[in-house]
Amino acid sequence: MLDVTYIRTHAEDVKQGMRNKGVETPELVDKLLETDEAWRSLVKETDDLRNESNTKARKIGQLMGQGKKDEAQEIIEHTSKLKEEIKQKEEQLDTLKQQREELLLRVPNVPHASVPVGHSEEENEVFKTWGTPGEPEKWQRPHWELVEEQGWIDFERGAKVTGAGFPFYVGPAAKLQRALINYFLNRAAQEGYTELQVPYFVNEESARGTGQIPDKEDMMYEIPRDEFFAIPTAEVPVTNFRRDEIIELEELPLYYTAYTPCWRREAGSYGKDVRGLNRLHQFDKVELVKMVHPDTAYDELESLREYAESLLEELGIPYRTLLMCTGDMGFTQSKKYDLEVWSPAQERWLEVSSCSNFGSFQARRMMLRYRNDEGDTEIVHTLNGSGLALPRVMAAILEIYQQEDGSIAVPEVLQPFMGAETIQAG
RNA sequence: GGAGAGAUGGCUGAGUGGUCGAAAGCGCUCCCCUGCUAAGGGAGUAUACCCCCAUACGGGGUAUCGAGGGUUCGAAUCCCUCUCUCUCCGCCA
């Protein structure tokens, strides 16, 4: 959610941002400002009436205290019309306020000046490439074939027990996954992130806070009986962790990390894109969240990106970093990088991390604030990134570190966690 | 799951229909006093929104005492619904 005052004073920038992102129509801004104007004048009228009513009530109280019942009674008789008026105004006010809110929620975040303008993923900028995306060896197999043959990941039994996209990881694959989680969490701790263990279900307010509702509620699994949502990413509980709080200046910046499973309905996905570990309904991820001073937000985005990149470099996985163009970056972000690893068997890039700056967009909706030098409250800026999403990293390892006999050379940094240098093929 | 108690400002905690956005204490900030320390005195100290004035400062108003609704001229205080917390019992990793 953007600041209305900002929209009022920078209407043209906001409209241009919308055009660049290709969402909604700029007329939305005009309609919003109109509604806002109407709402504000009605607030004034209503508050004035309420003031009158309060003044009278106070007067009555005084008179009663002095035992002047008759005089009090006289005033009381004159209040019924006022009461009715207030009630009417309040109803109108409710409607307008709601309209204003709805319009406001539909205005996307404005892209940062450094973001390339574009309409589709083709116009994303390759920001960085690391390592050599290799040609597949003739014996090198896609990860899904290998894991099925070796019994390391059991998609079929997962489908039996729950459904498609809910695999079992068995033996060495389960251990490899745990090794990655531990590695990522330990590295995040070194980097200054505070580790959180979080609820895996959230209520509607939290989903609203990070913007899954009203925009993307179809992505989430719902537990209607208890009115919970299964988290689609740890971003939701972690960012909401400090919702409705005022953070002292000295506390900033706050870095949080959490490992969680993530559940996504991924409605409408099928075909070869979702084979194996490419896309699942349940997957594991280590998430990174930053709450920072507005002045440092874009620097924090760079360091977040660099940190996520360093994980892939330490694992020896070739990757590239994309700077997302305006049309491909999403509603809530002002700037976003995607990290993609190379899958040699599929000869394609797979997204394993997305690092975003939301500016004040999320925090405003959550009333996540800090107290500045002057003691005034201001909205915190939030960022997040994956550090990293597990399945595709695992897929990359299973392919890149695959040896001719089907065994897997364990990346050096994971060996302490695995207690072995190789995962033997059976 | 059953029975009961409760939810007030950064914290503790008063307040059961009228001048209460809320006593008091603690904490915090500024000032004064004392040669440092301790003690003491004074002032200030919630959040959001609207309006005026004005790009600083300032002034006025509205709302908020867990949330939402209701009664009343007037609600922290009375009524209803919900949420959460605590105690006891049951169950349980």
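Within every chain, numbering begins at 1; the chains are lettered A, B, ... in the order of the sequence lines, protein sequences first and strands thereafter. For the numbers below, each heavy atom of this structure counts, side chains included, while hydrogens, waters and symmetry mates do not.
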Are any of the side-chain nitrogens in [X] or [Y] under 4.0 Å away from the carboxylate oxygens of its partner?
X	Y	answer
Glu37(A)	Arg40(A)	yes
Arg50(A)	Glu90(A)	yes
Lys31(A)	Glu27(A)	no

Discussion item. Side chain of Ala57(A) only, heavy atoms from C-beta on: which candidate in G18(B), U62(B), U47(B) is closest?
Written reply: G18(B)
Item to complete: Quick one: do Tyr183(A) and Glu314(A) satisfy side chain to side chain donor-acceptor pair (under 3.5 Å)? Show the steps, please.
Response: CA-CA 10 Å; Tyr183(A) 181 63; Glu314(A) 287 155 16; 2.4 Å; yes
Distance, [atom1] atom - from [M] to [N], rounded to whole angstrom:
N	M	atom1	answer
U12(B)	C31(B)	C1'	27 Å
G59(B)	U16(B)	C1'	36 Å
U81(B)	C92(B)	P	33 Å
U8(B)	G60(B)	C1'	27 Å
G68(B)	U83(B)	P	15 Å
A63(B)	C84(B)	C1'	23 Å
C79(B)	G17(B)	C1'	13 Å
C30(B)	U37(B)	P	14 Å

Discussion item. For Glu248(A), is the CD atom crowded, meaning more than 12 foreign heavy atoms sit under 6.0 Å from it?
Written reply: yes
For [X] and [N], is the shortest distance between a side-chain N/O and OP1 or OP2 below 4.0 Å?
X	N	result
Lys59(A)	G74(B)	no
Arg369(A)	A48(B)	yes
Thr377(A)	A48(B)	yes

Worksheet item: If you write RNA chain B from 5' to 3' in dot-bracket form, with Watson-Crick or G-U pairs under 3.5 Å, [ ] for crossing pairs and | for pairs with another strand, what do you get?
Response: ((((((((.[[[..)..(.....]]]((((((.......))))))(((((((.....))))))).[[[[[..)....]]]]])))))))....
Worksheet item: Looking just at side-chain N and O atoms, do Tyr307(A) and Gln190(A) make a donor-acceptor pair shorter than 3.5 Å?
Response: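 Side chains of Tyr307(A) and Gln190(A): no pair found under 3.5 Å.
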Discussion item. Can a side-chain donor-acceptor contact be found between Arg275(A) and Asn278(A) if the only test is distance below 3.5 angstrom?
Written reply: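 Note: Asn278(A) and Arg275(A) side chains miss the donor-acceptor criterion.
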Fill in: Touch class at under 4.0 angstrom, heavy-atom based, for Leu82(A) against every strand present
nothing
Item to complete: Give Ile75(A) one of three labels, base, sugar-phosphate or nothing, depending on what nucleic acid heavy atoms sit under 4.0 Å from its own.
Response: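 Nothing, no nucleic acid heavy atom in range.
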Item to complete: Map Ile76(A) and Asp376(A) onto RNA chain B by nearest heavy atom, then report which one ends up closer to the 5' terminus.
Response: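 The residue closer to the strand's 5' end, by nearest nucleotide, is Asp376(A).
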Discussion item. Using heavy-atom distances to pick each residue's nearest nucleotide on RNA chain B, tell me which of Lys83(A) and Lys87(A) is more 5'.
Written reply: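 This one resolves to Lys87(A).
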Worksheet entry | Residue of the set Glu235(A), Glu300(A), Glu302(A) for which salt bridge (Lys or Arg N to Asp or Glu O under 4.0 Å) holds with Lys290(A) | Glu300(A)
Please tabulate, one pair per line, all N/O donor-acceptor pairs under 3.5 Å involving side-chain atoms of residues 322-334 of chain A, not counting sequence neighbours.
unit_1	atom_1	unit_2	atom_2	d
Thr326(A)	OG1	Asn20(A)	O	2.8
Thr326(A)	OG1	Gly118(A)	N	3.0
Thr326(A)	OG1	Gly118(A)	O	3.1
Asp328(A)	OD2	Asn124(A)	ND2	2.9
Ser334(A)	OG	Tyr298(A)	OH	2.8
Ser334(A)	OG	Asn357(A)	O	3.2

Worksheet item: Tell me, which of residues 29-56 of chain A have any heavy atom that sits under 4.0 Å from an atom in RNA chain B?
Response: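 Under 4.0 Å from RNA chain B: Trp39(A), Arg40(A), Val43(A), Lys44(A), Asp47(A), Arg50(A), Asn51(A), Asn54(A).
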Practice prompt. Please name the pair of heavy atoms, one in Ile181(A) and one in Val286(A), separated by the smallest distance, quoted to 0.1 Å.
Written response: O-CG2, 4.4 Å
